[in-house]
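Each ligand, and each atom within it, is numbered from 1 in the order the structure gives.
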Amino acid sequence: MKKLWQKNKNRLMVEVEAFETKGDLLLDQKLIPFDIQGSIAHAKMLKKIHVLTAQELQILLKGLEKINSLYKQNKFLLSFGDEDMHSKLEDFLTKNYGEVGKKIHTGRSRNDQVLTALRLYSISELKEIKFLIKKLIKTLKSYKKEFGSISMPGYTHMQKAMPSSIGLWIENFIAALEDDFKNANNVQDIINQSPLGSAAGYGVPINLNKEFTARLLGFKKVQENPIYCQNSRGKFDANILSALIQLLLTINKLASDFLLFTTTEFSFFQASEDITTGSSIMPQKKNLDIAELLRSKVHLVLGNYVQIVSLSSNLISGYNRDLQDSKKSLMESLEITKDSLKITQLLLLSIKPNKEHLKETITKELFAAEKALNLVLKGDNFRDAYQKIGKNLKGSEKNEKEK
Ligand code: ARG
């Protein structure tokens, strides 16, 4: 495909083109619907400011609709030779609808196009993530309702510490997810600014109606400074990942707990066979790989976060192609997070407490602090009460069941 910027017969070396587009085309393929959305809004705006006639707009809208339907049928595919989704869109419009295709790029650049597409995509992913968090909170609430009254030991330093319950333990994840939801919401709010119209990063000397396109695309406001539009790409993406990391930290803790609590030594919980795997050599094994792979995800996204911050720092203001390489980190992290939320949901539905065994784990020494505090209520000072109870804890009593 002839490049949008190609002015003569000289062509880019095949090796160079491969190096510049490899991998990125697959990511752009997923972003096409958002580039179409951005293009529809831009075309409507061009008509509003009299760059396009009503008839030309209709042709362009028809063309963009056609691309949309081909895309849905898996027939609008980027392949080697297409520089990116933006070029492919314009090329298709020009080849199939003539002159009018050559007009759609008036007042825009691939630099603000990619920002717009990524932002629309990120907002739509964050909306789905928020929905999945809500769903998980709901499942945790019913888990708590069903099993919350069952006692279990609480640990500090990985040693039995105080009496706790499934209810208290589950509630902690609900509270964490509620905060994670706020983080996701907050970052969605921050990135909810339209960069369309910032063009290459310095605006254009014609009067685009940026408010109009922002409104059509559902953005809360226009991101006014065109240089900041470009400079915010890495910052916004890192901000999104930081919210995802918070969420994955919650999932990591839940998974770690379940891994320990389902060992034969602990046996607090039992996972159903349809979520456990076996071993190729040890016939007895029942492994909870699902929780291990949930536990690992925060580390992957943390790696992606470092990539984004690193790729976007030390660049000068304005568009830098380095940022293309951060697209994978962003998109992969959003995918990972959605999958993790769905799988955590499944995990909870397939894991049940061993009620009888949990009763046995509530041993006498767990109540030592409570006993000391009872003495305080009767008039002792805490330190003396602590000593009294501590001295009376006979070795044999340490693991005795509370009668
Ligand atoms: N593929 C590019 C990216 O992700 C799109 C913008 C390219 N702009 C350019 N002038 N080459 O950043």
Does the distance from a Lys or Arg side-chain N to an Asp or Glu carboxylate O, for K327 and D28, drop under 4.0 Å?
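Yes, this pair counts.
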Check this for me, if you would: do R110 and E83 make a salt bridge, where the nitrogen-to-carboxylate-oxygen distance has to be below 4.0 angstrom?
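Judged by the 4.0 Å cut-off on N to carboxylate O distance, R110 and E83 do form a salt bridge.
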Under a 3.5 Å threshold, yes or no: a donor from one side chain and an acceptor from the other, between T53 and Q55?
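Their side chains do not contain a donor-acceptor pair, so the 3.5 Å distance test is not met.
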Residues two or more places apart in sequence or in another chain: which of them pass side chain to side chain contact (heavy atoms under 4.5 Å, CB included) with I206?
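Result, side chain to side chain contact (heavy atoms under 4.5 Å, CB included) vs I206: T106, V204, L208.
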Under 6.0 Å between the ring centres of F261 and F268?
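Yes; F268 has its ring centre under 6.0 Å from that of F261.
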Tell me whether the centres of the aromatic rings in W169 and Y155 are closer together than 6.0 Å.
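Judged by ring-centre distance (under 6.0 Å), W169 and Y155 do not meet the cut-off.
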Contact residues of ligand 1 with a heavy-atom cut-off of under 4.0 Å?
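These residues qualify: D24, H86, R110, N111, V114, R233, Y319, R321, Q324, K327.
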